[in-house]
Amino acid sequence: MSSHRWESIEAFERVVRFSSFSRAAEDLGVSRSHISRQITALENRLDAQLLLRTTRKVSATEVGQAFYQRCREILNSLEEAEQAVVDLQERPRGILRVTVGGAFGEDFIAPAALDFMAAHTDLSVELDFTNRLIDLISEGYDLAIRAGTLKDSTLIARRICNRKLLTCAAPAYLKRNGEPSSIHALTNHNCLLGTLGTWRFRENGRNFDLRVQGNWRSNNGRALATAALTGLGLVQLPSFYVERDIASGSLIPVLDSFNPTDTGIWAVYPHNRHLTAKVRLFVNFLADRFSSGVNALSSQRQYPQ
């Protein structure tokens with residue numbers, strides 16, 4: 001394949017990935033007009049419209065989206081072939097793209113990534129903070145850091161640390177409403193809801209999700225913890241959100257005998273991708289760093305006053 005054809009495929013892939021000619025040009029280190037010429041030449045060569053252009057945005061046509069998926073596969077294979085050579089030297093380099101969500105990403109993964117990058121100076125790191133469902137291959141990520149229980153068998157996941165879920169409430173709430181004696185008593189309580197609207201428990205040797213109800217819902221753990229501290233209701237959160245408040249007595253844990261045992265923090269990557277040195281070493285680095293658990297690490301964190 002000629003260099004011009006490779007150039008046009010790279011240009012097209014970046015435009016679709018970023019939904020922007022300008023960002024594609026910036027990423028490839030060329031001018032926006034050069035990207036535009038490459039796309040025009042590609043569409044002329046294929047005799048097909050690949051992109052829909054408006055003054056506000058650019059998106060792929062149906063044909064363009066199908067072509068984009070094939071281009072991503074080709075470029076991934078090329079990147080893996082190049083990375084295989086680098087792997088022989090065991091020197092991670094290039095860009096490590098990681099998607100991570102929530103306070104765990106802010107408080108633990110970001111500092112870890114900075115330390116990892118400091119030890120591997122040929123490496124750049126991009127952290128994307130989101131909780132949405134990610135297609136790692138088509139969106140160009142090397143791996144995702146996710147919490148909870150995993151069900152997608154198309155992905156390979158390595159547990160990098162355990163995650164303890166705690167159910168708790170402020171003393172004022174428990175004084176008004178009493179402490180639930182079992183998970184079935186939660187129907188009589190105001191349960192502060194997260195993204196899923198369910199809480200995870202273990203009963204009779206089985207982990208399961210229980211749907212709960214309440215008058216406060218948020219996809220942010222700190223917002224849920226704050227609401228619990230005001231006495232609004234019960235909350236279930238990973239321990240690193242609430243451990244300090246439990247230690248101070250501002251929150252009281254309940255239903256401890258029903259805590260689930262199958263939740264964790266996972267490094268996730270596609271099963272059909274070559275595990276590059278940068279991914280393998282970063283995952284190993286995280287697993288070693290968190291081997292003592294996040295509770296031990298969180299005691300070392302500096303909190304704003």
Please round to the nearest 0.5 Å and tell me the distance separating atom [atom1] of [X] and atom [atom2] of [Y].
{"X": "L224", "Y": "L234", "atom1": "CG", "atom2": "CG", "value": "12.5 Å"}
{"X": "Q38", "Y": "R5", "atom1": "CD", "atom2": "CZ", "value": "12.5 Å"}
{"X": "Y241", "Y": "T226", "atom1": "OH", "atom2": "OG1", "value": "11.0 Å"}
{"X": "F129", "Y": "I145", "atom1": "CZ", "atom2": "CD1", "value": "10.5 Å"}
{"X": "L251", "Y": "L174", "atom1": "CG", "atom2": "CG", "value": "9.5 Å"}

Is a side-chain N or O of [X] found less than 3.5 angstrom from the main chain of [Y], in a donor-acceptor match?
{"X": "T99", "Y": "A144", "value": "no"}
{"X": "E43", "Y": "L50", "value": "yes"}
{"X": "R159", "Y": "A287", "value": "no"}
{"X": "N207", "Y": "T261", "value": "yes"}
{"X": "R176", "Y": "G231", "value": "yes"}
{"X": "S77", "Y": "E73", "value": "yes"}
{"X": "Q236", "Y": "L165", "value": "no"}

ring-ring contact (aromatic ring centres under 6.0 Å, His included) against F258, all qualifying residues, sequence neighbours excluded = none
Sequence neighbours excluded, the answer for ring-ring contact (aromatic ring centres under 6.0 Å, His included) partners of F67 is F12
With hydrophobic residues grouped by side-chain heavy-atom distances under 4.5 Å, do V98 and V279 end up in a single group?
-> yes
May I ask whether L196 and V242 are part of the same hydrophobic cluster, defined by side-chain heavy atoms of I, L, V, M, F, W, Y residues being less than 4.5 angstrom apart, directly or through others?
-> no
Give me the atom names and distance for the closest heavy-atom approach of [X] to [Y].
{"X": "A11", "Y": "I39", "value": "C-CD1, 3.9 Å"}
{"X": "R45", "Y": "S8", "value": "NH2-OG, 3.3 Å"}
{"X": "M117", "Y": "S124", "value": "SD-CA, 4.2 Å"}
{"X": "C168", "Y": "P253", "value": "CB-CA, 3.8 Å"}
{"X": "A60", "Y": "L51", "value": "CA-CD2, 4.1 Å"}
{"X": "L210", "Y": "I183", "value": "CD2-O, 3.8 Å"}

Are [X] and [Y] close enough that some pair of their side-chain heavy atoms sits under 4.5 Å apart?
{"X": "L186", "Y": "L255", "value": "yes"}
{"X": "R289", "Y": "F116", "value": "no"}
{"X": "R163", "Y": "P238", "value": "yes"}
{"X": "R17", "Y": "R72", "value": "yes"}
{"X": "W266", "Y": "R158", "value": "no"}
{"X": "D142", "Y": "I95", "value": "no"}
{"X": "R97", "Y": "D128", "value": "no"}

Evaluate the ring planes of F240 and F108, with Trp represented by its six-membered ring, and classify them as parallel (under 30°), tilted (30 to 60°) or perpendicular (over 60°).
-> perpendicular
Please work out whether the ring planes of F285 and F282 are parallel, tilted or perpendicular, with thresholds of 30° and 60°.
-> parallel
Could you note down all residue pairs passing ring pair (Phe, Tyr, Trp, His ring centres under 6.0 Å) where residues 182-203 supplies at least one of them, sequence neighbours left out?
-> Y173-H189
May I have the list of side-chain donor-acceptor pairs in residues 22-31 shorter than 3.5 Å, sequence neighbours left out?
from	atom 1	to	atom 2	distance (Å)
D27	OD2	R14	NE	2.6
S31	OG	S33	OG	3.1
S31	OG	H34	N	3.1

Write out all pairs satisfying side-chain hydrogen bond (donor to acceptor under 3.5 Å, both in side chains) with one or both partners inside residues 211-221, taking only residues at least two apart or from two chains.
-> N190-N215
Between F104 and F290, is the ring centre distance below 6.0 Å?
-> yes
Between D262 and R202, does at least one N-O distance fall below 4.0 Å, as a salt bridge requires?
-> no
With sequence neighbours excluded, tell me which residues meet side chain to side chain contact (heavy atoms under 4.5 Å, CB included) with S250.
-> L229, D245, S248
